[in-house]
Structure formats: C-alpha cells, structure tokens
Amino acid sequence: MNKVAGIIRVDRKVLDIDKVLQMGMTFRWRKHGQIWHGVIGRNAVQLEQKNEGVAYSCVNGDSSDSGLNSELIRFFDLERKYEIPHDDENLTNAVGKYEGIRQLQLDPIETLYSFICSSNNHISRISSMMTFLGSKGDLLAQIKSDTDVEPNLFRYQAFPSIETLAQLTEQELRAANFGYRAKFIVKTSASILENGGNSWVETLKSEDYVVAVEKLMTLAGIGRKVADCIALYGLNKRESIPLDVHLIRLANRDYNLKEAEKGLTPTRYEGIVARLRETWGRDAGWVQTVLFYKELQLSKEKKKSPKSKREKNKPRTEKKEVKVEVKEEPVELQSEAQVSSRKGPVVTTRRRAAQKIKTECDEMPLKKAKEEEF
DNA sequence: TATCGACCTGTTGGG
DNA sequence: CGAACCAGGTCGATT
C-alpha cells in the first residue's frame, strides 16, 4: 500500500514530532492514533515516532525513497546542531527539559499564509483556517481513519498555488471564519501575483534576512512579528526572533530584560530583538522556539491546576534549579507597562526599520558550523 | 516617531 | 452570562 517507507534514526531528544507538529509552527498536520498525517511538498506523508526513530511512509508515491528521506531531514532541520551560550543556565535547563524541538524548514508560501492568519489568534483556529486554504489545493491522497469519528477521512492536499489562492474572495474567506484577515489574504495574494507569484516567494529564501523581512512587510497582514515568523520557519533565517508580549515577559523574568510588554513600537522591537540575539547567539531563532514552547507548557500547567489568589499574585516560574542570573524587578516593570500604550505598533517607516536591522546583523558573525547528530 | 482605536472570534476571569 | 488595559498583531489616521 505504502510505496515508500523508511525510518530516520533519530532520538526523541533530538526530534520530538509530537512537539514540533502541534506547537504552532505548522498547522495542517493531524494525529490519528499514533500516526501523524501531513503533506510535505507533493508528498502525502505519514509519520510515527518510535524508540528507534521516526518511521515515515509516503502514501501517494510521488517521491523516491531517498528523495523523501532527505526531504524529511531538511524539513526537521536535522542537519543542524543547535548551539547555545554555554553559560546560560536558564536556557540549558529549558533545553534539557523540553527536548526534541526543531526549527522546522517549512514551505515558504504555506508559512506566509499561516502567519498572516496567526495575528491575534490561537493555534486551533489558525489550524482550521489553514485547513480551509489547503482544501483548495490538489488532492494527493486520502485515507480513512479509525479513530477520527467526524470526517472519518483525512485528505492530504498540496498547498494551493498563488494563482489558486488569488481566486478566493473576501466574502468566501469571511464565511470560512477568517475574520478581518480575509482582506489580508485577498490583498496579499494579489500582490504576490503581481510580484511574480510562487517564484517570488521562493527567492526570498536566498535574500538576506533583513531584505527578506523588508519585502515580506510590504504585503498586507504582515507586520514585523509575522515577518519574523515567516523568515524563521519558512525562509530558514536563524537570526529571526518573532517578538511578542510572551517573549518579552519571559525575557523580563529570566533575562532581566526590563522592557514593557506593551507599546511595542518598531524602534523598540529592533532594540529588544538585537539584545536577545546577543544573549542567545547565532541560533537565537531556535532558542526563541524552545523558550516559547516552555511558556506554552507552563501556561497549560497553570490552567490545569486551579490557582489560589495567593498564587496569582506570585507568578510561579517552576524554578527549582532554574537560576535567574539577574534579579527581577516586577514592580518597576509594571509601572512602565502602565505608562506605555495598550496596543498597536505602527509601521510607517519600514525602510528605516529595516536599515536598523541590517546594522545589527552586520555585527553578528554567522559562522557555518555543521554537525551530524543522528 | 509614537500613540490610539478598530478589527473577527474564541476563551476566560469576574460579578 | 457578558464584558475584557483578553488573545502569539496589523493597519490607518493622527500628532
């Protein structure tokens, strides 16, 4: 039945597919029983994590075995050995506790649309929106699922071309629950088409990080943070740090960042991100992913256990050995946050902002160490 | 350049 | 049960 199958021998500590496929990097993978179903390029792929590694099979036979194998290695970024600052105890602990997270190398176009949908949104809805967009793509395969009661069917669909996406109307998208992002999708599809379609997005991969971000931000619905998400997961830009209140919050707590969580202006965004890059080193983007995952887990734990009013005032940070290298000053931070505004970074001067990034990037040496790890 | 409100919709902390 | 200095932001207008 499965034309192509194999196994990638990789430890769960290096790659944990349960984590990376549902933490908010990619949104169209589904797990039925022990099997993950999804699409990579034009391959309808099934994955299962085992002790020996990740078993894979391709159910539509588009790819040769060796081809799919190397595509998966690329997809999961397995050729890279992430590096972290040796003296960062907080990070060392987080990496040790939340193992197997990778900086996925996803399809640029799908990633672009994913993160337009991500604004002011949560994973489950982004997933349903992306499934809707995916439903416009070529059907590669479909399978019946024993465990999935409702649709009882999983459809593997290639992500649609820009030409196809450009046919969607705002009305149709709003009916599909895209909300105000419907307009972004319509406008951006048209713009990309004007720029040259799929190939224009693909070429962003070979651009410098700063240029890529600058170009992405010319599109509707793509601001600074979303551009960073696309750059990180879709364009393989490791210096990219998608910055939001959660990241500021954790950096305030664990890295003495001392920044207000709100009122994130373009200038402040660049400044904070530059500092974090310095702190986290050349794999800052991956570090952000790990720490973000940690926050996700902490907030889940928090939700599970009903909290007393006492606990609420004392934000607990599971630090039994997590040594915060610097003292926190929450009071001061709060007052800062109150002074600053509530919402709304504005990007009136994108070129200016981009130039600033460039300066910062030039200072950052990017050596190309590469190691095998599986 | 910074600041603000509006924007879809789902979830949640309070009353 | 219905607001909310909400929630993984961006845009456009205004200063």
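Basis for what follows: all heavy atoms, side chains included, without hydrogens, waters or symmetry-related copies. Naming convention: chains lettered A, B, ... in sequence-line order (proteins, then strands); numbering from 1 in each chain.
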N or O in side chain of A:Ser118 less than 4.0 angstrom from C:dG9 OP1/OP2: no
Answer with base, sugar-phosphate or nothing: what part of the nucleic acid does A:Lys187 contact at a heavy-atom distance below 4.0 Å? sugar-phosphate
Nearest-Å distance, CD (A:Glu172) to P (B:dC8)? 17 Å
Closest nucleotide among C:dT10, B:dA2, B:dG10 to the A:Ser119 side chain: C:dT10
Evaluate the side-chain proximity of A:Arg275 to A:Glu270: yes if any heavy-atom separation is below 4.5 Å, no if none is. no
Could you measure between the two P atoms, the one in C:dA7 and the one in B:dG14, and give it in whole Å? 12 Å
Looking at A:Asp18 and A:Lys31, is any side-chain nitrogen of the basic one under 4.0 Å from a carboxylate oxygen of the acidic one? yes
With rounding to whole Å, what would you report as the distance between C:dT15 and B:dA6 at their P atoms? 16 Å
So, under a plain 3.5 Å distance rule, would you say the side chain of A:Tyr269 forms a donor-acceptor pair with the base of C:dG9? no
Whole-Å distance separating the CD1 atom of A:Ile126 from the C1' atom of B:dT9: 12 Å
Under 4.0 Å between a Lys/Arg side-chain N and an Asp/Glu carboxylate O for A:Arg12 and A:Glu99? no
Rounded to the Å, how far apart are A:Asn120 CG and C:dC11 P? 13 Å
B:dT1 versus C:dG9 - spacing of their P atoms, nearest Å: 24 Å
What's the gap between C:dG8 and B:dA2 when it is taken at their P atoms, as a whole Å value? 25 Å
B:dC8 versus C:dC1 - spacing of their P atoms, nearest Å: 27 Å
A:Ala220 vs A:Met25, nearer the 5' end of DNA chain C by closest nucleotide: A:Met25
Within the pair A:Arg174 and B:dC8, is there a side-chain N or O less than 4.0 Å away from OP1 or OP2? yes
Which part of the nucleic acid does A:Phe292 contact within heavy-atom distance under 4.0 Å: base, sugar-phosphate only, or nothing? base
After noting the C-alpha distance and the side-chain angles of A:Glu83 and A:Arg282, does the key distance pass the salt bridge (charged side-chain N to carboxylate O under 4.0 Å, His left out) rule? CA-CA 7 Å; A:Glu83 292 177 8; A:Arg282 65 176 199 138; 3.2 Å; yes
List the steps and the verdict of salt bridge (charged side-chain N to carboxylate O under 4.0 Å, His left out) for A:Glu295 and A:Lys300. CA-CA 8 Å; A:Glu295 292 308 295; A:Lys300 271 187 193 169; over 6 Å; no
Go through B:dT9, B:dC7, C:dT10 for me and flag the one nearest to the A:Arg125 side chain. B:dT9
Side chain of A:Cys229: nearest nucleotide among B:dT1, C:dC11, C:dG8? C:dG8
To the nearest Å, how far apart are A:Glu270 CD and B:dT1 P? 12 Å
Would you state whether a donor and an acceptor, one from the side chain of A:Arg181 and one from the base of B:dC7, lie under 3.5 Å apart? no
Counting any heavy atom closer than 4.0 Å, what does A:Gly24 reach on the DNA or RNA strands: base, sugar-phosphate only, or nothing? base
Would you indicate, yes or no, if C:dC6 has its OP1 or OP2 atom less than 4.0 angstrom from a side-chain nitrogen or oxygen of A:Lys262? yes
Can you check the A:Leu173 CG to B:dT9 P distance for me, whole Å? 12 Å
To the nearest angstrom, the CG-C1' distance between A:Leu264 and C:dC5 comes to 16 Å
Side-chain touch A:Trp286/A:Leu232, heavy atoms, less than 4.5 angstrom: no
Whole angstrom value for the distance that separates P of C:dC5 from CZ of A:Arg249: 14 Å
Would you state whether a donor and an acceptor, one from the side chain of A:Asp244 and one from the base of C:dG8, lie under 3.5 Å apart? no
Sub-6.0 Å ring centroid separation between A:Phe115 and A:Phe27: yes
Check whether any side-chain N or O of A:Asn177 sits under 4.0 Å from OP1 or OP2 of B:dG10, and answer yes or no. yes
Assert: residue with more 5' nearest nucleotide on DNA chain B, out of A:Ser124 and A:Asn121, is A:Asn121
Any side-chain N or O of A:His122 under 4.0 Å from OP1/OP2 of C:dG8? no
Can you tell me how far P of C:dG9 sits from CZ of A:Phe178, to the nearest Å? 18 Å
Which of C:dG8, B:dC8, B:dG10 is nearest the side chain of A:Phe115? It is C:dG8
What's the closest nucleotide to the A:Tyr180 side chain, out of B:dT9, C:dG8, B:dC7? B:dC7
Considering only heavy side-chain atoms of A:Pro266, the closest of B:dA2, B:dG10, B:dC7 is B:dA2
Taking the side chain as everything from C-beta on, heavy atoms only, tell me whether A:Val45 gets closer than 4.5 Å to A:Leu47. yes
Does A:Met23 reach a base, just sugar-phosphate, or nothing at all? Heavy atoms under 4.0 Å. base
Give DNA chain B the dot-bracket treatment, 5' to 3': Watson-Crick (N1-N3 with N6-O4 or O6-N4) or G-U (N1-O2, O6-N3) under 3.5 Å, [ ] crossing, | other strand. .||||||.||||.|.
Say whether, by atom type as modelled, one donor and one acceptor occur between the side chain of A:Asp77 and the main chain of A:Gln105 under 3.5 angstrom. no
Would you indicate what A:Ala182 reaches in the nucleic acid, counting non-hydrogen atoms under 4.0 angstrom: base, sugar-phosphate, or nothing? nothing
Would you mind classifying the nucleic acid contact of A:Ile116 as base, sugar-phosphate or nothing, using non-hydrogen atoms under 4.0 angstrom? nothing
Between A:Tyr255 and A:Trp280 (judged by ring centroids, cut-off 6.0 Å), do the two rings come close enough to count as a pair? yes
